[in-house]
Each structure stands twice: as C-alpha cells, then as structure tokens.
Amino acid sequence: MEFMHKRHKKLYFLSRHRYLLTGILCLFGICWLSAQDKKAEPEKKKTRVDLLYADEAQADDALKPGAQILTGSVKLRHDSMYMYCDTAYLYQQSNSVEAYGNVRMEQGDTLFIYGDYLYYDGMSQLAMLRNHVRMINRGTVLTTDSLNYDRIFNLGYYFEGGTLMDSVNVLTSIWGEYSPSTKLAVFNHDVTLNNPRFVLTSDTLKYSTLTKIATILGPSDIVSDNNHIYSERGVYNTVSEQAELLDRSVLTNQGRKLVGDSLFYDRKLSYGEAFDNVRMNDTVNRNMLTGDYCYYDELTGNALATRRAVAVDYSQGDSLFMHGDTLRLFTFNLNSDSVYREMRVYHKVRAYRSDIQAVCDSLVYNSKDSCMTMYTDPVLWHGSEQLLGEQIKIYMNDSTIDWAHIINQALTIEQKDSIHYNQVSGKEMMAYFRDGDIRQVDVNGSVMVIFYPVEERDSSLILMNYSEGGFLRMLLKNRQMERGAFIGKASGTAYPMSQIPADKYRLASFVWLDYMRPLNKEDIFNWRGKKAGQGLKQSTRRPTISPRDMHIGRTKK
C-alpha cells in the first residue's frame, strides 16, 4: 500500500521510468501470488505424543536409550487418539511409543483398537498392533494377530489372516483392510463370507459394513441349500439378497444352469433373470433354452425366454432346435411324483432337426401326455414328405416321434420329381413312426389320393392312380409308399403316364411349401410365411375321431 501511495505522489517519475516500474510491478505480483500459494497449503501438524498419566516414569539409558519407561495405568495422547497400556516406552526424539499389556487405542466414541503390543510412530501416524488384536467400529469387529492402522488415511489392514464381523455377516481372509470412515473393507486370498443362508467364497472381495453389499472382484462361489452361483464380477446385497452379476456368471439350481453376459438374482423371491447370450441348460431332462433374455422362477419352476429365443432338445443323438418370438415353460405339481411341464412357443415358430422340420404360428408341448400341438398353418416335413393341416398333434416317446395326428384339411405330399407328387388329403390323418421313420398313415373322411407306382428295376414311374374313399391305410418303407388300401367303399382311375389329364396332376388342396422349410439350425430365425393364396380354406371344425376310439387299429409291422 505504501508503494501505491508513492505512485500517486510521483507521477513524473513514472512517466520517465515506466518500463522499469512495469517490471518491478510484475516481480511484486509474482512474489505476492507465491506467498498466497504457500498460505493456501495447510502445514502438516507435527504434534508430539504426550504422556497424560502413568503410575511410574523413569529413564534408564542402559536399558532403553532415549526412552521414558512408563509403568502402571499408562495413558498417552496424540492429537485426538488416546492410548492406554500397562507398560510403555516413550521416545520423545522419534516421537514414538512402544506399548505392552492391555493395549487400547481410542478415537472419539466410535473407534477402539485392542491388542497385546503396540508400536506407534507419531511422525507417520502409523500404529502396529500385534497379538489378540481387535478393532471395533460401532457394530463392526475386526480380529487378527497382526494389524497396522494408518491414522492419516483412517485405514486398518492385516496380512496374516483376520476376521471381520458385523450384524449380518462374518468375513475371513488372509489379507484384508478396513476403513472406519467409509465402512468399506477389501479382502484378498481365501476369502469366505458366512451368512446364515449362504456361504460366499472368493479370491478378491469388497464389502461395505454400512450397506452389507459385497462386491465380487474375482472368481467367487455363492452356495446355499437350493442353488449355487459362480461369478467373477458383480455385487451381492446380503440383506435384500439380490445379486447383479456380470462376465458370464452362472446360476445352478437342481440340475438347471442359467448363464448370461449379466445376471440378476433375487434369493428371497427365488427368481433369476439373464441378459444377452443366455443359456438355461436342464441337464436332467437334457434340454436347453437360449436367447438374449431369460427369466426363471425357482419356486414355480416356470421360465421365459425371448429375443432370439431357442428351445433345444438334445436327449437324442440329433438335437432339435425350435425358435419362436417367446418361449414359456410352466411346471405343474412341482416337488411331487406327478410333476409335469408345459412349453408354449409363439409366434412364428420354426423347428429344425436333420430328419424333421416344422413351422407354425404357435406350439404347445405337454410332458404329461408327451404331446406337442402345432396351431395356425402348421407344416411338418420328413425327408421328401410334407404334412399339413389346420392343427397337428405330435405324440412323443422318449423324445422321438411316436405318432402324429393331423386335424382338419389334412394333406400329405411326397415329391417324386419336379412335376410328380404323391398326394393324400382327408379330414384327418394319423401318421405312425418307428425308429424315426413314418411306417403307416391312416386317413379318415373324404379321402382323395394321387399315387405313382414305381418300377422296382429302375424306379421309373409306371402310371398315375387317382382314388377316392372314406378311409385309407398306407404302409411305407424306407420313406417310400409300399402299398395302400381303402377300407370300405372306394373308386379310382389309373392313367398311363402319357395320358394324364392336365387337371389331374394336383388335388384341389395341393400346396407345396418347400420354400418355408428350415434349412438348418441357423435358418430357424428367418421367418417365411405362406405366399398369397396358399392359406387353408375356412372350415367349421367338428370333433375328430381318435384312433383309440376307432375299431380300425394300428397295423403292427
């Protein structure tokens, strides 16, 4: 301020020496800023460790050079930390303490540390406690035989094994650290979290004693009576028992394994959700659900899969792949001898196995009667044969097709070449399988047939036979029609190959849908609906006749 006052009184000096003054002012400003920076930096407090009380105090340079030897009800203080013990050596020059017997450190009314031995460095504010050490922070207790406590960072850590216990969990590990201020703990090597309902073992784990949330940072297993979780990264709330898991974590429950890029699991409500690249594998029943989203309820046994959802049955040597917009699994009479499941797939269903393919709008499979029902424009392919109708029921036996029931507007077509097709239509049709092949077909109601007998010598077509009747039975061998016979009244006409009328090549209901057929397991995602004009005609459905209700039984071959 004095300098600025002189500046006003001596304007003539400034006018003659303005450049020199400018330089002086700049130098003055730099010095002033530097002084401000130093003032802004708080000076580190270098307080000493003070003796507050001891029954006896003495100095013995022969026994402990440079130390005050304190015995009996020793009480020391460093800043806000109080230290108690039976015996202590106070080194004033190094500002440090060695304490023995009934050692206790207290900071406020929230932090208490106990042990048999303490070395405290007042310069670094580091306390090293040994033997029967306990750190108590409100409801959290850390026990170990070797604990270092850094007062600057308010952090205690052990390195030769320790246990952290709060009101909910007990955690043990070889190495660990705990911060009383943040309530966060980190554990490494042989980590175990014991909870009354589960046990978590890990290589690396972070845990909050405030929220009771465990953060998984390495390979970890969470095991309970009902399930097992494996994860390498995620969080687990031990109070709400909800887990959010990443990196292809795995949830296993009674033979079912749920895997996804990320998982959510609620142990209390007993359900899990998986997201992206999901697989739910049932190793007991040998089937699997895949997709980009899957939900599974442990209490009901129900499941849902969407977004490129696929059901895979691998119980036989050749796997069956089935895709739909949504897959739902329902379980009935769970945990009983009469348990059964129902799978519902909708919409735009496509299925592929090397020997059989199918499409429909929706599908239901019931394990109680091993029946799979296809609804709305169902089509089934088996080798060179195509079967369709208003509804198709497929009955399974040990995951292989036993027989199929085609209801209303039933039509089966076998392709002989690009022009000629064996064709059979009727109100309903029953196709029986053996060893994966159709061996017998029964057709009932308004039966119409176009059939081309084959020359055994060179497999050439001999003629075309057109027939009509009320009930037809066909026997097949090697996926070829071997013989057929009408039961009851029938009529027919045979046409030489060169004299077939143009309007007799196709039945009225003929439609060849090979373009819809799934070509491989990847093609099930490519929906191809029927072309215009190829849909089934509207019909009034009547109760269908089951083969079990008919006097005409199944032929044994």
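What's counted below: heavy atoms across the whole structure, side chains too, no hydrogens, waters or symmetry copies.
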Suppose we call two aromatic rings close when their centres sit under 6.0 Å apart. Are [X] and [Y] close by that rule?
X    : Y    : answer
F198 : Y236 : yes
F187 : Y207 : no
H132 : Y114 : no
F321 : Y352 : no

ask   = Given the rule in the side-chain hydrogen bond (donor to acceptor under 3.5 Å, both in side chains) test, do S319 and R353 qualify, once you have shown the distances and angles that lead to the verdict?
value = CA-CA 6 Å; S319 296; R353 194 168 70 183; over 6 Å; no
Does [X], at its [atom1] atom, have more than 12 non-hydrogen atoms belonging to other residues, nucleotides or ligands within less than 6.0 Å?
X    : atom1 : answer
K348 : NZ    : no
Y53  : OH    : yes
R104 : CZ    : yes
M165 : CE    : no
Q107 : CD    : yes
R279 : CZ    : no

Using a distance-only test with no angle check, is there a side-chain donor-acceptor pair under 3.5 angstrom linking [X] and [Y]?
X    : Y    : answer
H189 : S173 : no
N281 : Y314 : yes
T140 : D166 : no
T238 : N169 : yes

Pair [X] + [Y]: basic N to acidic O under 4.0 Å:
X    : Y    : value
K268 : D266 : no
D523 : R528 : yes
R308 : D292 : no
R48  : D50  : yes
R130 : D145 : no
R233 : D247 : yes

query = Does the side chain of Y158 come within less than 4.5 Å of N148's, by heavy atoms?
reply =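 No, too far: nothing below the 4.5 Å cut-off.
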message = The test is side-chain hydrogen bond (donor to acceptor under 3.5 Å, both in side chains); show your working for N287 and D313 and say whether it passes.
response = CA-CA 4 Å; N287 55 55; D313 183 288; 5.1 Å; no
key: side-chain contact (heavy atoms from CB on, under 4.5 Å) partners for D60, two or more places apart   =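 In terms of side-chain contact (heavy atoms from CB on, under 4.5 Å), with neighbours along the sequence ignored, D60 is linked to A62, L63, I69.
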Pairwise distance NZ(K521) to CE(M322) - rounded to 0.5 angstrom =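 Between K521 NZ and M322 CE, I get 15.5 Å after rounding to 0.5 Å.
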request  = Hey, could you give me the OG/NZ distance between S240 and K212, rounded to the nearest 0.5 Å?
outcome  =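 With rounding to 0.5 Å, OG (S240) is 13.0 Å from NZ (K212).
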